[in-house]
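First the structure, in the form of structure tokens, and then the observations on it.
Quick note: numbers below take in every heavy atom, side chains included, and nothing from hydrogens, waters or symmetry partners.
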Amino acid sequence: QVQLVESGGGLVQAGGSLRLSCTVSGRSISTSGMGWFRQAPGKEREFVATINWSGSSTYYADSVKGRFTVSRDNAKNTVFLQMNSLKPEDSAVYYCAARSGSAASTGSTSYNYWGQGTQVTVSS
């Protein structure tokens with residue numbers, strides 16, 4: 001059974017930083033594209049960042065570009081999302097996702113496995 005477990009969320013003041021981790025069990029991610037998505041109350045889930053199997057290719061939503069960095073450690077079966085200069089509008093539940101394909105992808109429907117999410121709250 002494949003499980004994705006996010007951690008690192010919490011409450012932070014505007015301008016602060018958080019580092020999210022997503023550790024996968026039951027499946028090696030070494031050949032998988034990985035993604036981060038988020039969902040705020042009353043809003044649809046939206047794309048945040050994605051990384052291909054090797055880490056050589058990454059894409060970001062315009063709203064987080066320059067502030068967030070996605071990375072991975074295939075040896076640890078873990079993906080990270082470093083979030084800097086956080087804003088109140090970044091508050092949401094953040095989800096990690098894995099896909100069978102090796103490429104990065106911005107589309108949520110291309111992902112096969114999802115975590116339960118971790119709450120990020122940014123106070124003003």
Who passes side-chain contact (heavy atoms from CB on, under 4.5 Å) against [X], sequence neighbours left out?
| X | answer |
| --- | --- |
| Ala61 | Phe47, Ser63, Val64 |
| Ser28 | Ser30, Asn77 |
| Val5 | none |
| Thr109 | none |

Once rounded to the nearest 0.5 Å, what's the spacing between atom [atom1] of [X] and atom [atom2] of [Y]?
| X | Y | atom1 | atom2 | result |
| --- | --- | --- | --- | --- |
| Gln119 | Gln39 | CD | CD | 11.0 Å |
| Cys22 | Ile29 | SG | CD1 | 7.5 Å |
| Thr50 | Tyr60 | OG1 | OH | 9.5 Å |
| Cys96 | Met34 | SG | CE | 4.0 Å |
| Ser71 | Phe80 | OG | CZ | 6.0 Å |
| Arg67 | Gln82 | CZ | CD | 12.0 Å |

ILVMFWY network linking [X] to [Y], side-chain heavy atoms under 4.5 angstrom:
| X | Y | result |
| --- | --- | --- |
| Tyr59 | Trp36 | no |
| Val93 | Phe37 | yes |
| Leu86 | Val70 | yes |

Going by the angle between their ring planes, with limits at 30° and 60°, are Trp114 and Tyr95 parallel, tilted or perpendicular?
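It falls in the perpendicular class, over 60°.
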
I'd like to know whether CD of Gln116 has more than 12 heavy-atom contacts from other residues, nucleotides or ligands below 6.0 angstrom.
no

Which heavy atom in [X] sits nearest to a heavy atom in [Y], and how many Å separate them?
| X | Y | value |
| --- | --- | --- |
| Trp53 | Asn74 | O-ND2, 3.0 Å |
| Ile51 | Ala104 | C-CB, 3.7 Å |
| Ser17 | Asn84 | OG-OD1, 2.9 Å |
| Ala14 | Pro88 | CB-CD, 4.1 Å |
| Gly26 | Val2 | O-CG2, 3.9 Å |

Hydrogens and angles aside, do Ser102 and Thr31 bring a side-chain donor and acceptor to less than 3.5 Å of each other?
no

Would you check if there is a donor-acceptor pair between the side chains of Arg99 and Tyr111 at a distance under 3.5 Å?
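On atom types as modelled, these side chains do not qualify, holding no pair under 3.5 Å.
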
Could you walk me through whether Met83 and Leu20 pass side-chain contact (heavy atoms from CB on, under 4.5 Å), step by step?
CA-CA 8 Å; Met83 305 187 296; Leu20 304 184; 3.7 Å; yes

Just do the side-chain contact (heavy atoms from CB on, under 4.5 Å) check on Thr58 and Phe68 with the steps written out, would you?
CA-CA 11 Å; Thr58 58; Phe68 289 13; over 6 Å; no

For side-chain contact (heavy atoms from CB on, under 4.5 Å), just list the numbers for Ser124 and Lys87, CA-CA rounded to whole Å, side-chain angles, deciding distance to a tenth of an Å, and then say yes or no.
CA-CA 8 Å; Ser124 56; Lys87 305 175 181 179; over 6 Å; no

Measuring only between side-chain heavy atoms, which start at C-beta, is Thr121 closer than 4.5 Å to Val12?
no

Contacts of type salt bridge (charged side-chain N to carboxylate O under 4.0 Å, His left out), residue Lys65, not counting sequence neighbours
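Residues passing salt bridge (charged side-chain N to carboxylate O under 4.0 Å, His left out) with Lys65: Asp62.
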
Sequence-distant partners of Arg19, salt bridge (charged side-chain N to carboxylate O under 4.0 Å, His left out), two or more places apart:
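For Arg19 there are no salt bridge (charged side-chain N to carboxylate O under 4.0 Å, His left out) partners, ignoring immediate neighbours.
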
Could you check whether any side-chain N or O of Thr78 sits under 3.5 Å from a backbone N or O of Lys76, counting only pairs where one atom can act as donor and the other as acceptor?
yes

Candidate list Val120, Thr118, Asp90, test side-chain contact (heavy atoms from CB on, under 4.5 Å), partner Arg38, passing option:
Asp90

